[in-house]
Amino acid sequence: MRLLLWWAGRALSSAVTLLGISVLIFAALRLMPGGFAETILGPFATPEQKAELAVRYGLDQSVFAQYGHWMAAVGTGDFGTSMISGQPVAAELWARLPVTAQLTLLAVAAAVLAGVPLGVLTALRARPGGGGVAGRLLSGLGVSVPEFALGSLVVFVVSRYGLQTSGYLLPAAVLSIFAISATARTTRDAVLNVLVEPHVTAAVARGETPWFIVRHHILRNAAGPVLTLTATITAYLLGGALIVEYLFNLPGIGSYVVQAVGRRDYAVVQAGVLLAATVFIVMNVLIDLLVGLVDPRLGRRA
Amino acid sequence: MRYRLAGSVAALALATSACGGGTAAAPPGTAATGSTAAPGFLAVADDKLPAGGALNVAVHIDSGAATGLDPQLADVATSWQLMSLVYETLVTVGPDFTPQPRLAESWENPTPTTYVFHLRKGVAFSNGREMTADDVVGSLKRLLAAKSVWRGQLGPVEKVAKVDAATVKVTLAKPYTPFLAALANVPAAILPMKEIEAKTLDPAKEMLGTGPFKVQAHRQDVSWNFARNEHYWDKGKPAADSLTVTIAPEEAARVAAVQNGSSALAALGNVDSAAMLAGAANVKVATQATTDFYYLMLNSKNPKFADPRVRQALNMALDRKQMAEVALGGQGKPTGVTPAGLPGACDPATLPSATGGGAAKAKELLAQAGVANLSFTLSIYSTEPAPAVAQVIQQNLQQAGVAVKIEQMDEASWSGKVYGKVPATFDAALSWFAGYADPGMVTTWWNPDVAGFNVGFMQADKDLNKLIAAATETPSGAERDKALAAVCAKVDTDAQMIPLVTRPATVAYRADAVSPSLYATEGYGNLLRLVADARVKKG
Amino acid sequence: MNRTTRVKGTARAKRTASVKGTAGGRRARRLDPLSLTGLGCLLLLVLVALGSLVHAGGDPDAIVGPRLQPPGPGWWLGTDNLGRSMLPRVMEGVGTTLLLSSAAVLVTAALSAGFGILAGYRGGYLNELVMRVVELLYSFPAIVLAILVAAVAGPGQLAAVASIVLVTIPLMIRLVRAAAVAVAERDYVTAAAISGAGLPRILGRHILPNVAGTIAVQGTYALSVGISVEGGLSFLGFGVQPPQASLGVLIRQGGTYMMAAPWLIIGPGVVLVLAILSINVLGDGLRDRFEPRETRALI
């Protein structure tokens with residue numbers, strides 16, 4: 001019962017957050033300088049053409065009415081129509097989802113498959129007194145190199161040798177540098193935290209094998225933060241990896257939304273932001289569930 | 001990021017002269033190494049190569065406007081470029097900017113105000129229906145009635161009439177020299193009026209023309225797939241079976257596409273692309289001169305620039321040569337209001353601002369006007385090379401003791417600031433026009449009553465308007481050149497919209513994948529103008 | 001833009017809440033050599049930035065020579081595409097980037113300290129409100145947020161600072177709050193409350209000093225995020241205004257000339273990575289040195 005109440009509260013607060021996001025994005029778009037009419041119709045447009053466009057997309061109504069219509073439509077699953085293409089926004093988001101999803105999947109898989117072992121290894125080999133200079137430098141470098149710098153370099157150098165930059169491996173690799181480094185750092189810290197706990201010492205004293213200790217005592221207990229991080233990265237990437245999409249010319253969700261900001265294509269930006277925020281929030285809820293399953297102590301604390 | 005101004009624009013990036021991989025960039029207008037291009041061409045497709053094959057090109061922006069795909073309402077060059085693959089006009093422009101036959105096989109000009117067009121036989125739309133004189137008359141009438149920017153360029157058309165099944169007559173109210181040049185641009189394309197009137201086709205949503213290609217598929221901001229129009233009248237064209245246009249907003253992505261061969265040809269924006277791509281196997285970079293030019297807007301409704309002496313002083317302090325050399329890497333040319341490169345254009349070196357005495361004289365003039373420590377904000381959008389031009393302007397004016405603060409914004413904010421309010425509130429702004437194909441055409445935008453978009457920041461000048469009208473009415477020849485020179489000089493001293501330098505366009509292509517045809521100078525920003533001639537190299 | 005903060009945050013907040021009570025950890029000690037090296041590099045960069053104020057390397061805006069020249073006398077780091085010397089431009093870039101990021105981080109730190117401590121100590125509706133706002137900012141796609149801010153405020157330094165603050169603040173408030181919750185349960189805070197100490201005194205004298213470590217450590221991370229955000233904004237054309245140089249602007253420009261004029265990207269690129277790396281390494285060291293075990297972060 002208490003658990004149920006807790007989840008109800010959680011759902012309610014998520015809904016409030018999404019509502020806040022909707023207000024924020026709606027207001028911000030209308031506060032932006034440069035009207036949709038000048039942008040979408042160009043400087044030669046006559047006042048009549050502008051008025052026509054405004055009427056067609058309901059932009060002649062008061063902002064409150066516009067917001068109300070938008071919310072009502074979203075409630076029925078209608079995310080509006082792009083003023084640029086005249087196509088439904090939901091269809092285009094759906095068409096772009098596979099690009100974003102594949103990039104995310106590859107980058108996150110790399111992060112988990114490479115980052116976790118690296119983190120465990122560096123933690124187990126860490127000497128008291130903070131050794132592991134190389135590891136710290138490398139992972140520090142990994143989270144430091146800006147995506148746009150690394151991406152530009154990779155795109156240019158790889159294509160210079162006639163190699164294809166299409167496909168998802170390269171862009172995912174660019175994205176995964178950060179993800180791997182961050183995962184390795186988190187894992188290392190989480191493992192170090194677990195290592196000092198009494199049950200690990202006890203296990204060592206009992207003479208259990210190192211591999212058994214790692215699996216049963218360390219990984220299980222260190223999983224929480226690593227899972228949380230993985231979820232955050234996943235949610236972030238699902239919102240669109242703008243710079244990598246641009247550099248590798250991948251039609252993902254990030255470039256769709258950002259181009260729409262540039263053209264004041266309101267419905268697209270609103271839907272994109274709402275989608276990204278929903279994914280982010282749902283991911284967080286899911287991960288709390290998952291963490292609770294893996295490590296019940298943490299689940300109760302959430 | 002795109003820019004869409006005034007009728008033109010867009011981005012483009014077109015082409016340039018060719019320089020082979022590894023050689024230094026040649027000046028605009030020179031022939032491509034390795035191919036014997038004819039005069040007026042950067043490259044000529046090798047018609048000994050077999051036809052067929054799939055051609056991939058990359059451009060930086062899709063056509064995208066609330067007005068959709070209706071060519072009559074298109075006002076940016078990037079849209080014209082895509083639409084020109086499907087739609088054709090009665091006449092077209094040659095490499096020397098003379099009118100050439102297209103859907104009209106020939107024409108007569110019996111009086112200065114009458115044009116009689118003899119339509120080509122055997123022209124069909126891509127649905128197989130033959131084009132008729134009714135399509136031609138209907139299209140032109142529709143354009144004249146449309147809220148189209150091109151309406152202002154078409155001139156004083158009084159009447160469009162069908163003479164017989166193969167003849168159409170256009171009557172003007174008074175002589176208008178740029179008429180054929182204006183007819184040669186995409187907004188004057190011949191539409192399938194029968195289908196449009198029967199409402200079986202919405203030209204805003206679907207393209208159906210007489211051109212070499214028809215649309216197979218389109219995904220907004222991602223790509224276009226074109227297939228050959230099997231009913232195309234010019235047999236043997238298009239040489240390629242299919243054409244894919246990939247939209248890649250990021251320059252690095254287009255450079256990569258050419259380097260690895262995933263695109264055979266790409267429009268580039270960087271004026272130093274030739275140096276960038278030197279050493280890339282089989283990649284040729286060409287710089288196409290264009291009639292497009294940058295201009296500086298000084299808002300005369302702003303008290304800072306109300307005094308013409310202040311504007312003239314700034315104009316005098318500008319170093320157009322440095323702009324061309326430094327900001328545009330030597331690929332641009334100083335220009336007056338008649339675009340440098342068009343036959344009959346005035347010589348910018350003889351203009352009052354060029355002979356006026358530079359920064360020192362500018363200082364004197366400002367002092368005479370009682371202005372000390374002038375400082376103003378220059379609003380630009382972030383698409384290169386506009387920021388580079390702006391920074392040279394800033395350095396130039398610093399020499400005359402004028403402080404310029406550059407304000408760089410996204411295109412939408414810029415448009416809002418410059419066009420959004422009447423009267424406008426900005427100090428100064430930088431942009432560019434497409435220069436079109438006749439030296440008198442773009443001068444019309446210096447008459448705010450005709451142009452419309454600049455009423456917020458530009459004071460109409462009766463004398464200038466008269467000169468502009470005279471230059472468009474005078475038939476080509478020495479007298480017209482004189483009239484155009486007078487417009488140039490007047491615009492120069494008026495100094496509300498100050499022409500600066502022409503805007504080069506760069507194209508890179510794979511010599512092992514395509515043999516393209518490219519004009520040396522382009523007026524309508526159409527890199528793909530001759531794409532139907534391009535031969536795909538296989539293997 | 002950078003995800004560092006976000007990522008760290010959740011992990012950290014979670015963990016913070018859960019490992020309370022684990023004692024001890026590494027004892028306070030001097031910064032390790034690596035962190036000291038980081039600190040040294042950072043100080044060096046600050047010196048360089050100060051040098052640019054007096055144009056120690058020359059005027060960063062002046063056109064001094066032919067375009068795209070390799071390093072040589074007169075332009076020791078080469079010239080850019082407008083014929084400006086890269087040396088003063090890189091120096092100015094370091095200054096701009098450090099100044100903007102640190103200004104933003106100070107704002108973030110101050111706001112986070114205020115709201116985080118208050119929410120953590122008082123709990124209840126205030127806590128709920130602060131956490132909702134934080135979650136809202138947190139789940140808003142960072143890059144769209146930054147662009148909207150830049151467009152609404154008008155691009156420039158103010159917009160860059162505001163963007164960095166908005167991108168870094170959700171995480172820092174979460175962590176400060178979590179730390180404050182942990183501290184608030186300690187005996188000495190309870191004792192102070194029982195003995196009648198006022199709210200400002202409890203917050204200022206008892207809680208703030210104990211969460212200062214968290215703020216300092218997070219501040220260094222936020223600084224590196226700030227540099228990335230500034231660079232990302234410039235990449236998209238919303239950064240500082242020309243002709244002012246920032247590391248983001250220089251790298252963006254240099255990136256397009258990678259083959260033809262590699263000196264355009266090598267200088268600023270090396271400096272940027274050096275700056276972020278130094279800050280991160282220093283942050284790690286500070287964390288090991290100052291942050292109480294129970295509020296340890298996990299990245």
Side-chain angles (χ1 to χ4, degrees), chain A residues 13 16-17 20-21 24-25 28-29 31-34 129-130 133 136-137 140-141 143-149 152-153 156 160 178 182 185-186 189-190 193 196-197 224-226 228-229 231-233 236 239-240 242-243 254 257-258 261 269 272-273 276-277 280-281 284 291 297-298 301-302, chain C residues 1-4 6-12 14-15 17-19 22 24-26 32 34 128 131-133 135-136 138-144 147-149 151-152 154 224 227-228 231-232 235-236 248 251-252 255-256 258-259 265 269 272-273 276-277 280-281 284-285 288 296-299:
Chain A
S13 77
V16 170
T17 304
I21 295 253
L24 192 66
I25 184 64
L29 279 176
L31 281 175
M32 285 178 93
V133 173
R136 269 174 73 188
L137 266 183
L141 199 65
V143 292
S144 306
V145 177
E147 216 166 273
F148 62 87
S152 308
L153 187 77
F156 192 87
R160 167 55 56 108
F178 173 87
R185 280 158 74 95
T186 306
D189 263 2
N193 272 354
V196 299
E197 286 186 17
V226 178
T228 308
L229 174 83
T232 313
I233 294 179
Y236 175 86
L242 177 75
I243 287 171
V257 173
V258 169
V261 173
V269 187
V273 167
F280 197 90
I281 290 171
N284 271 312
V291 168
R297 287 176 311 159
L298 298 179
R301 285 288 316 183
Chain C
M1 233 134 279
N2 198 304
R3 297 137 297 179
T4 319
R6 305 206 141 195
V7 164
K8 273 177 210 147
T10 339
R12 188 175 277 228
K14 277 286 128 59
R15 191 62 184 173
S18 61
V19 284
T22 329
R26 291 163 234 180
D32 61 293
L34 188 59
E128 198 51 33
M131 293 319 284
R132 282 288 73 75
V133 172
E135 194 186 4
L136 193 148
Y138 210 24
S139 44
F140 208 102
I143 202 139
V144 178
I147 291 174
L148 286 177
V149 171
V152 172
S224 79
I227 294 176
S228 282
F235 179 88
L236 298 167
I251 289 175
R252 171 67 171 145
T256 54
M258 209 161 328
M259 282 287 166
I265 191 158
L272 180 76
V273 169
I276 303 185
L277 195 53
N280 268 318
V281 164
D284 286 353
D288 285 352
R296 273 293 299 272
L298 293 167
I299 284 187

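The sequence lines fix the lettering, A, B, ..., with proteins before strands; numbering per chain opens at 1.
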Please name the pair of heavy atoms, one in [X] and one in [Y], separated by the smallest distance, quoted to 0.1 Å.
X	Y	result
Pro33(A)	Val152(C)	CD-CA, 4.1 Å
Ala276(A)	Gly239(A)	CB-CA, 3.9 Å
Gly269(C)	Ile251(C)	CA-CD1, 3.9 Å

Is any side-chain heavy atom of Ile143(C) closer than 4.5 Å to a side-chain heavy atom of Val257(A)? no
Using a 4.5 angstrom heavy-atom cutoff, name the option from Val261(A), Leu242(A), Val16(A) with the most pairs to chain C. Leu242(A)
Where does Val281(C) contact chain A at under 4.5 Å (heavy atoms): side chain, backbone, both or neither? both
Measure distances from Leu272(C) to the heavy atoms of chain A and classify the residue's part below 4.5 Å as side chain, backbone, both or neither. side chain
